Novice: 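The structure under discussion is supplied below as structure tokens; questions concerning it will follow.
No experiment lies behind these values; they were computed from the predicted model shown. Chain identifiers are assigned alphabetically (A, B, ...) following the order of the sequence lines, protein sequences preceding nucleic acid strands; residue numbering begins at 1 within each chain.
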Amino acid sequence: MLSPERLGLPDYEYLAQRHVLTYMEDAVCQLLENKEDISQYGIARFFTEYFNSVCQGTHILFREFSFIQATPHNRASFLRAFWRCFRTVGKNGDLLTMREYHCLLQLLCPDFPLELTQKAARIVLMDDAMDCLMSFSDFLFAFQIQFYYSEFLESVAAIYQDLLSGKNPNTVIVPTSSSGQHRQRPTSGEASMLEGVEAPLFYQCLENLCDRHKYSCPPPALVKEVLSNVQRLTFYGFLVALSKHHGINQALGALPDKGDLMHDPALDEELERLLAQIPGLVNSVTAGPEASCLPARTPPRVGSPWRPLHHARKVDAESDGSTEETDESET
Amino acid sequence: MDCQAEVNCGLHLVIQTSSLPEKNKVEFKLNKETPSFPGRLLQHDLERNYSSRQGDHINLVSSSMPSFPILQRSSEEKILYSDRLTLERQKLTVCPIIDGEEHLRLLNFQHNFITRIQNISNLQRLIFLDLYDNQIEEISGLSTLRSLRVLLLGKNRIKKISNLENLKSLDVLDLHGNQITKIENVNHLCDLRVLNLARNLLSHVDNLNGLDSLTELNLRHNQITFVRDVDNLPCLQRLFLSFNNISTFESVCCLADATSLSDITFDGNPIAQESWYKHTILQNMMQLRQLDTKRITEEERRMASVVAKKEEEKKRESHKQSLLKEKKRLTINNVARKWDLQQHRITNIATNQDRKDSDSQDHCQNDGSTISAFPEETGSLDSGLTSALQGLSVTDTHLVEVDGDTLSLYGSGALECLDRNWSVQTAGMVTTVSFTFIEFDEIVQVLPKLKIKFPNSLHLKFKETNLVMLQQFNALAQLRRVDQLTVDPQGNPVVNFTLWKYYVLFRLSHFNMQKINGTEVTQNDMIMAERLFGILAHVASSELPQYHLISILGDARKKQFRYLLETKGKKPGIVNEENNDSKRLVGESTNRATLNYTTRDFYNEKLEEIKEKKKFCKMYIEDLVKEATEINMKNEALQKLWPQMFIELVRDAVMEIRNKNSYMKLCLQQITDQK
């Protein structure tokens with residue numbers, strides 16, 4: 001905790017690096033916004049709740065886009081929230097268009113900009129046919145890369161353009177045939193046409209970039225891994241590789257691995273319970289929970305800040321009221 | 001009496017005559033078919049004649065003119081029947097030359113094969129000429145028969161009425177069963193009493209002027225579509241138009257002025273099938289005594305006038321309604337155009353302005369700019385106004401229409417109508433509300449008013465309302481109840497999303513909707529909706545921090561809290577409307593109430609407002625941070641200096657008490673000083 005390098009930072013820098021100020025400011029702002037309501041149950045409790053929710057990642061629900069974008073933690077929380085809320089849509093197997101995904105995003109954040117979703121879709125579709133349908137997992141991982149590393153990607157794009165036009169003085173473009181790059185778009189039949197940029201060169205530039213951008217950057221080691229497999233690659237090829245790389249996903253820590261994307265036993269249980277509440281339901285549905293209630297739930301992820309915290313007290317005073325209500329009317 | 005002339009070398013014509021009635025005056029009665037000529041015409045005679053072509057007792061007589069037989073009668077016959085000659089069924093193909101019969105008055109050529117009227121110009125005393133059932137193609141050869149009074153040319157092949165100029169005494173002209181297409185060249189026949197043109201190819205009737213004596217006109221079995229000039233016939237009493245093609249009264253309207261008409265037939269025409277046929281005829285032709293061969297009674301006449309009056313009123317009514325409809329249509333078009341403009345679909349604004357101007361001009365021409373007719377307000381309605389179209393308020397820019405159980409609003413200006421006072425009855429009947437050409441965001445703002453003013457509205461329809469986000473459906477949750485929802489794909493992009501219906505069912509599950517866009521909602525749909533979005537609701541409610549929950553639910557929750565506090569004291573068992581409402585409200589809010597929709601404008605407004613606060617917070621925090629860092633710095637500085645300071649403190653203290661005696665003295669001194 002008290003590592004020397006942390007203590008070595010000047011105050012402001014430390015605070016800025018950890019985005020403490022952002023959260024403090026936001027907390028105070030929220031307090032101001034709702035002071036009549038909050039003063040009813042105490043300011044201390046408010047702050048407790050606020051920072052708890054920041055830890056849990058629920059603070060970004062239904063907030064404005066500027067807040068969601070403000071810190072990497074917010075972004076990661078938002079990604080996770082999106083995954084949790086709409087995993088069922090993906091599980092259902094529906095393929096949706098970019099606009100539909102955008103609609104879903106807007107359910108959680110009303111002013112989410114369309115450009116971001118479009119950019120994410122471009123990654124999945126390789127800048128082709130923007131009206132194509134995309135699967136949930138494809139979109140989600142591409143969106144993760146686009147949203148979490150948006151500034152980084154912009155710089156990468158600029159670098160890429162520079163490299164393409166040969167501005168880098170270090171460039172020595174050796175005309176090599178575009179051998180099987182799995183991420184590249186097919187060449188238009190001219191074998192001598194060069195696509196993309198050379199990987200090693202690209203990596204050098206990226207490394208410089210990463211050094212400059214202290215944070216919100218994919219771990220350089222993993223980027224190197226991505227680039228070491230191929231000779232040349234295009235911009236979107238690079239992005240797709242990033243989005244599909246397990247290591248980067250884990251480094252981010254927001255989403256589970258692709259294989260586990262559809263699994264969330266805790267919420268599935270909850271869902272079954274909700275389904276059971278629909279009046280006049282067929283019995284076969286209620287048989288579900290028993291089946292899924294197998295050996296204990298998967299143990300919470302170690303080290304993840306999103307361990308589900310079970311509130312000791314009942315969350316909804318309304319539900320309190322409702323049960324009491326029904327109790328009364330039944331007597 | 002049969003008589004046969006001797007045949008000499010087969011040169012004479014064998015004539016078969018039959019007995020003729022004694023009277024000279026020709027009485028002629030016209031009936032449906034062919035005139036019954038004084039003479040026997042037996043059916044089997046006809047058949048016999050046709051079948052026997054070989055005619056054993058007819059010989060052609062050769063003469064100076066080739067192919068014209070010459071007719072001669074025995075002198076006894078000439079004396080007996082001096083003025084009449086019957087040559088029917090003689091298989092004549094031409095008119096024979098009739099010698100020495102200059103005083104002939106009746107000539108009968110029925111049932112032959114004569115193709116041209118010839119060789120009778122010398123019979124200048126002829127009064128009666130019968131050429132019925134021949135093959136005559138053209139009226140000719142009659143120019144000398146100035147005394148002719150009856151001319152029977154039925155069942156021939158005549159195509160045109162012509163060459164009758166000199167027959168000024170003509171009394172009866174029978175041209176039925178020909179191929180005549182036009183009435184012409186009869187205008188000089190001022191003595192003509194009966195004209196039979198049945199079974200021809202007439203398509204219209206006109207050119208009848210000059211027939212000042214015409215009493216009976218038979219036009220049955222033609223293709224007549226309109227009739228004119230009949231009012232120029234001062235004596236016409238009977239007019240037979242059966243089996244033609246008359247379909248409207250307007251096409252025979254001249255009959256109304258034919259004051260002499262007493263008997264008319266229209267059966268077999270399309271007009272006779274119409275529901276208004278009888279009374280329209282009776283109403284317009286008061287002079288009639290018989291219609292379609294049936295006497296007209298007083299009762300019928302009275303009925304006719306009553307019905308006619310009713311028809312007139314109905315027509316006026318429907319005209320008014322069609323006018324209203326037209327106005328409505330124009331207004332809707334106007335609204336639509338305005339909407340398209342707003343949606344930036346029309347690029348050329350200049351021409352639109354022109355068109356809009358001309359449209360509003362049209363409106364002004366019609367009826368002024370505003371027409372407002374509210375039953376409860378005006379109170380006085382036309383007696384004929386049907387209840388189908390009750391409240392109609394029309395201006396150029398929007399349209400509000402109440403049609404029984406449907407309230408239709410076109411254009412955003414129409415939303416103001418919710419502020420008006422609606423009668424309880426009208427408002428109570430409305431179960432469907434339809435919005436067209438109005439921004440959904442604007443509709444959202446008036447939904448509370450809708451809830452109050454039209455409490456029974458269960459079906460909402462949206463068309464061209466710019467529904468683009470699933471979120472917008474959240475706004476509908478505030479209504480009391482929605483049974484059916486129709487979102488027209490036109491102008492509502494949200495319908496293109498595959499999951500929109502499920503989202504609606506999920507978010508508005510407490511309504512228990514029956515139908516969406518016309519299709520029934522099944523149990524499976526509800527399950528799927530819950531399955532897809534149930535977790536969203538769960539997250540939105542249970543994982544949202546408390547303060548956020550409160551800030552979103554705001555007023556609603558407060559009210560609820562209060563209500564719950566109140567009802568705790570109520571007796572159990574009382575179940576009233578409010579109770580159910582609150583239950584539903586409670587049921588709603590446990591899960592989905594946090595899924596709200598604020599219109600884009602409001603949202604941006606709110607964000608703007610928050611900016612100020614954010615700035616303040618930023619400054620405040622900065623101040624705090626500054627303080628904190630200062631304190632921290634001081635703390636750190638203290639930390640650094642403390643060891644040194646501590647040593648000095650200790651040293652000072654030690655030094656102080658090095659000399660016990662002097663230290664004790666110092667302390668006592670301090671104590672005494674304190675007093």
Novice: Is A/Leu104 in contact with chain B via its backbone, its side chain, both, or neither, using a 4.5 Å heavy-atom distance?
Specialist: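 It is the side chain, since no backbone atom gets that close.
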Novice: Nearest 0.5 Å please: distance from the CD atom of B/Gln471 over to the CD atom of A/Gln106.
Specialist: 6.5 Å
Novice: Residues of residues 495-505 of chain B under 4.5 Å from chain A (heavy atom pairs)?
Specialist: B/Asn496, B/Phe497, B/Thr498, B/Leu499, B/Tyr503
Novice: Under a 4.5 Å heavy-atom cut-off, does chain A meet the side chain of B/Ile621, its backbone, both or neither?
Specialist: side chain
Novice: Under a 4.5 Å heavy-atom cut-off, does chain B meet the side chain of A/Tyr50, its backbone, both or neither?
Specialist: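 For A/Tyr50, heavy atoms of backbone and side chain both lie under 4.5 Å from chain B.
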Novice: Who among A/Val28, A/Leu96, A/Leu107, A/Thr22 has the most heavy-atom pairs with chain B under 4.5 Å?
Specialist: A/Leu107
Novice: Counting only heavy atoms from other residues, nucleotides and ligands, does the tally under 6.0 Å from CZ of A/Arg99 exceed 12?
Specialist: no
Novice: Can you list the steps and then say if B/Lys613 with A/Gln30 is a side-chain contact (heavy atoms from CB on, under 4.5 Å)?
Specialist: CA-CA 9 Å; B/Lys613 295 207 176 98; A/Gln30 291 287 307; over 6 Å; no
Novice: For each of A/Val89, A/Asp94, A/Leu95, A/Thr97, tally heavy-atom pairs with chain B at distances under 4.5 Å, and name the one with the top tally.
Specialist: A/Val89
Novice: Going by the rule ring pair (Phe, Tyr, Trp, His ring centres under 6.0 Å), which residues pair with A/Phe139 if we only count those two or more places apart in sequence or in a different chain?
Specialist: A/Tyr101, A/Phe143
Novice: What part of A/Arg63 lies closer than 4.5 angstrom to a heavy atom of chain B: side chain, backbone, both or neither?
Specialist: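 When you check distances to chain B, atoms from both the backbone and side chain of A/Arg63 fall under 4.5 Å.
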Novice: Find the distance between CE (A/Met24) and NZ (B/Lys618) and round it off to the nearest 0.5 Å.
Specialist: 13.0 Å
Novice: Would you indicate whether the side-chain heavy atoms of A/Glu33 and B/Lys614 approach each other to under 4.5 Å?
Specialist: no
Novice: With sequence neighbours left out, what residues match B/Lys515 under salt bridge (Lys or Arg N to Asp or Glu O under 4.0 Å)?
Specialist: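 Not a single residue meets the salt bridge (Lys or Arg N to Asp or Glu O under 4.0 Å) criterion with B/Lys515.
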Novice: Under 4.5 Å from any heavy atom of chain B, what part of A/Asp26 do you find: side chain, backbone, both or neither?
Specialist: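 Neither part; nothing is under 4.5 Å.
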Novice: Output the option from A/Ala27, A/Pro110, A/Ala81, A/Ser53 having the highest count of non-hydrogen pairs under 4.5 Å with chain B.
Specialist: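 Top count of heavy-atom pairs under 4.5 Å with chain B: A/Pro110.
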Novice: Roughly how far, to the nearest 0.5 Å, is NZ of B/Lys611 from SG of A/Cys29?
Specialist: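 Rounded to the nearest 0.5 Å, the SG-NZ separation comes out at 12.5 Å.
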Novice: Quick check for you: to the nearest 0.5 Å, what is the distance between B/Leu607 atom CG and A/Phe67 atom CZ?
Specialist: 13.0 Å
Novice: How about B/Tyr620 and A/Glu25: do any of their side-chain heavy atoms sit closer than 4.5 Å?
Specialist: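 No, side chains not in contact.
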Novice: For B/Leu624, is the CG atom crowded, meaning more than 12 foreign heavy atoms sit under 6.0 Å from it?
Specialist: yes
Novice: With sequence neighbours left out, what residues match A/Glu115 under salt bridge (Lys or Arg N to Asp or Glu O under 4.0 Å)?
Specialist: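 So A/Glu115 forms no salt bridge (Lys or Arg N to Asp or Glu O under 4.0 Å) with any residue.
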Novice: Looking at A/Asn92, A/Leu32, A/Leu108, which one has more heavy-atom pairs under 4.5 Å with chain B than the rest?
Specialist: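 Of A/Asn92, A/Leu32, A/Leu108, A/Asn92 has the most heavy-atom pairs under 4.5 Å with chain B.
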Novice: Check each atom of A/Ser66 against the heavy atoms of chain B and say whether the ones under 4.5 Å are side chain, backbone, both or neither.
Specialist: side chain
Novice: Can you tell me how far CD of B/Glu530 sits from OG1 of A/Thr88, rounded to the nearest 0.5 angstrom?
Specialist: 10.0 Å
Novice: Looking at SG of A/Cys85 and CD1 of B/Ile535, how far apart are the two atoms once the value is rounded to the nearest 0.5 Å?
Specialist: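 Reported to 0.5 Å precision, the distance equals 8.0 Å.
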